[in-house]
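Below you'll find the structure I mean.
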Amino acid sequence: MPAKKIFTPFYEKLALVLIALIALGYVVILAKEILDPLIFGFIFAILLYPVASFFEKKLRIPRGLSGLLSIILLITLIWLVLYIVGSQISGLAGDWPMLKSQVSQSVDNLSQWIQHAFHIDASKQMSYVHSTTQKLMETGGEVAGETVGVISSLMLFYIFIIIFTLLILLYRSVLIRFIVWVFSDEHTAIVHDIVQNIQRILRQYILGLLLEMVLVACIACIAFWIIGIKYAVLLGIIVALFNLIPYVGIFSALLLSCLITFATGSIQHVFWVGVSVVLIHLIDSNFFLPTIVGSKVKLNALVSFLAIVLGEMIWGLSGMFLSIPVLAIFKIIFDRIDSLKPWGYLMGSGHAEKKSTVQKMKPATADKT
């Protein structure tokens with residue numbers, strides 16, 4: 001007698017999925033200290049693989065040394081960007097007397113407005129400011145200690161990223177063979193396809209982000225220079241760097257740009273800087289992002305925004321950066337497994353899947369006619 005198929009009710013499947021997601025989320029939160037730099041190392045290793053492969057195959061450099069040289073090149077590029085930003089910030093610090101007078105004048109104007117609007121005289125306002133300042137000074141030691149702890153944690157985090165990147169580049173063949181070996185022989189072609197597409201799409205996505213950042217920085221610097229902002233290069237780099245954070249970075253860039261412009265310029269400058277940042281964001285989101293980045297990772301805005309929010313809730317700022325690449329990896333996997341294709345369709349834009357469905361239906365229609 002043929003074996004009877006066991007029917008599992010939908011609510012049981014849903015409960016198992018929810019339990020698995022909750023358990024996975026709990027493990028991800030607990031393992032943040034190791035998974036966070038590991039995923040960054042994995043992404044950087046994919047980005048640096050062509051450079052390391054060039055050193056290894058063309059220049060006949062050993063694999064370990066080629067990976068180390070590629071990491072040194074990446075660190076050098078990052079250092080150049082930080083050097084440009086630091087030189088601009090040092091110039092901003094050199095104008096401290098002007099900034100102080102500008103801020104004090106703005107505070108006086110704000111105090112007069114509060115006095116006329118809410119009938120609170122200047123003496124009460126100053127007493128409140130002094131009491132708040134005294135409380136901040138009392139907790140200054142704790143803040144300084146926490147700042148030192150945060151800096152040391154960040155340095156350790158960056159060191160872990162460098163180590164993971166180097167080790168992944170060094171043992172990349174072992175990792176790929178392990179992934180293929182885990183699955184049966186009938187799934188070898190699918191596994192190879194998934195691995196190759198993950199490498200290709202993530203590399204194109206990261207390079208697209210870098211190209212988009214350079215274009216946004218150039219446009220922002222030119223716009224701020226036309227307006228007459230003193231620190232146009234600094235503000236352009238700030239707008240480009242915060243632009244790496246999808247959907248949320250525009251608000252941070254707008255706030256910082258307006259604050260720095262307010263401290264060094266006039267209200268008219270602040271207004272035009274705000275208008276410029278919004279227009280640059282519109283140009284980027286409607287032209288640069290779909291053309292340069294959107295064509296590489298086809299994710300819809302709803303799922304992307306949910307992933308960014310969940311990434312921030314789980315891992316903070318690094319979770320926001322990693323949410324889109326991790327989501328792209330899952331979509332690549334889902335699109336190539338029949339039972340998971342509906343989830344890949346849900347995460348995508350729907351255009352490619354709709355087109356492929358229509359192409360599959362055409363032969364059947366032709367057969368019927």
_Please enumerate all residues that pass side-chain contact (heavy atoms from CB on, under 4.5 Å) together with I190, with sequence neighbours excluded._
H187, I194, R336
*Find out whether F42 and I198 are in side-chain contact, i.e. whether some heavy atom of one side chain is under 4.5 Å from a heavy atom of the other.*
yes
*asked:* Per the ring-ring contact (aromatic ring centres under 6.0 Å, His included) rule, what does the pair list look like for residues 44-64, sequence neighbours excluded?
replied: none
*May I ask you to test the I176-Q199 pair for a side-chain heavy-atom distance under 4.5 Å?*
yes
*What distance separates I229 CD1 from H269 NE2, expressed to the nearest 0.5 Å?*
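So the gap between those two atoms works out to 5.0 Å.
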*Using 30° and 60° as the class limits, which term best fits the ring planes of Y83 and W79: parallel, tilted or perpendicular?*
parallel
*Is there a chain of hydrophobic side chains (I, L, V, M, F, W, Y, each step under 4.5 Å between heavy atoms) that links F334 to F183?*
no
*Looking only at atom types and distance, does a side-chain atom of D36 sit under 3.5 Å from a main-chain N or O of K32, one as donor and one as acceptor?*
no
_Exercise: identify the closest heavy-atom pair between F224 and S276_ =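 That would be CE2-CB, 4.0 Å.
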_What's the separation between atom OG in S304 and atom CD1 in I324, rounded to the nearest 0.5 Å?_
4.0 Å
*Quick one: pull up CD1 in I332 and CD1 in I337 and give me the separation to the nearest 0.5 Å.*
12.0 Å
*Is there side-chain contact between F157 and F40, with heavy atoms separated by less than 4.5 Å?*
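Side chain of F157 against side chain of F40, heavy atoms only: contact under 4.5 Å found.
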*asked:* My understanding is that a hydrophobic cluster links ILVMFWY residues whose side chain heavy atoms are under 4.5 Å apart, including indirect links. Using that, what else belongs to the cluster containing W225?
replied: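 Members alongside W225: I222, I226.
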_Closest contact, heavy atoms only, C221 versus G236_ = SG-CA, 3.8 Å
*Does one hydrophobic cluster hold both L35 and I179, with members joined at side-chain heavy-atom distances below 4.5 Å?*
no
_Distance in Å, L169 CG paired with I71 CD1, rounded so as to fall on 0.5 Å steps_ = 6.0 Å
*Do P342 and L346 come within less than 4.5 Å of each other through their side chains, counting heavy atoms only?*
no
*asked:* Can you give me the closest heavy-atom contact between S257 and V273, atom names plus distance?
replied: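 Shortest heavy-atom separation between S257 and V273 comes out as CB-CG1, 3.8 Å.
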*Taking all atoms of both residues into account, what is the closest heavy-atom pair of A220 and I280, and its distance?*
CA-CD1, 3.5 Å
*asked:* Is there a path of hydrophobic side-chain contacts, each under 4.5 Å between heavy atoms, that joins V191 and Y171?
replied: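 Unlinked, V191 and Y171 end up in two clusters.
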*Can you get from L241 to I43 by hopping between Ile, Leu, Val, Met, Phe, Trp and Tyr side chains that sit under 4.5 Å apart?*
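Same cluster: L241 reaches I43 through Ile, Leu, Val, Met, Phe, Trp or Tyr contacts under 4.5 Å.
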*Taking atom CH2 of W315 as the centre, report whether more than 12 heavy atoms of other residues, nucleotides or ligands fall under 6.0 Å from it.*
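It does: W315 CH2 has more than 12 such atoms within range.
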_Residue pair E56, I61: steps toward the side-chain contact (heavy atoms from CB on, under 4.5 Å) verdict_ = CA-CA 5 Å; E56 183 180 348; I61 298 176; 5.8 Å; no
*Minimal non-hydrogen separation, D335 against G344, with atom names*: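 Answer, listing the atom of D335 first, then G344: OD1-CA, 3.4 Å.
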*Nearest-0.5 Å distance that lies between atom CD1 in I238 and atom CG in L254*: 12.0 Å
*Stepwise side-chain contact (heavy atoms from CB on, under 4.5 Å) test for V277 and L235*: CA-CA 10 Å; V277 172; L235 295 183; over 6 Å; no
*Check whether any side-chain heavy atom of T261 sits under 4.5 Å from a side-chain heavy atom of F271, and report yes or no.*
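T261 vs F271: side chains apart.
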*Considering all heavy atoms of both residues, which atom of A240 and which atom of V216 are nearest to each other, and what is their separation?*
CA-CG1, 4.1 Å
*Flag yes if L80 and I75 sit in one hydrophobic cluster, no otherwise; membership is Ile, Leu, Val, Met, Phe, Trp, Tyr, and two members link when side-chain heavy atoms are under 4.5 Å apart.*
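In one cluster with L80: I75, no.
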*Between CG of L202 and CG of L47, what distance do you get to the nearest 0.5 Å?*
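L202 atom CG to L47 atom CG measures 10.0 Å (nearest 0.5 Å).
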*Under the 3.5 angstrom rule, does the side chain of S66 hit a backbone N or O of R63 as a donor-acceptor pair?*
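Yes, S66 side chain to R63 backbone: donor-acceptor pair under 3.5 Å.
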*Within the side chain of S70, is there an N or O that forms a donor-acceptor pair under 3.5 Å with the backbone of G67?*
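Pair found, side chain donor or acceptor close to backbone of G67.
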*asked:* For a side-chain contact (heavy atoms from CB on, under 4.5 Å) check, start with the C-alpha distance between K341 and D338, then their side-chain angles and the critical distance, and finish with the verdict.
replied: CA-CA 5 Å; K341 281 184 178 180; D338 292 335; 3.3 Å; yes
_Is there a side-chain contact (heavy atoms from CB on, under 4.5 Å) between F178 and L175? Walk through the geometry before answering._
CA-CA 5 Å; F178 166 76; L175 294 174; 5.7 Å; no
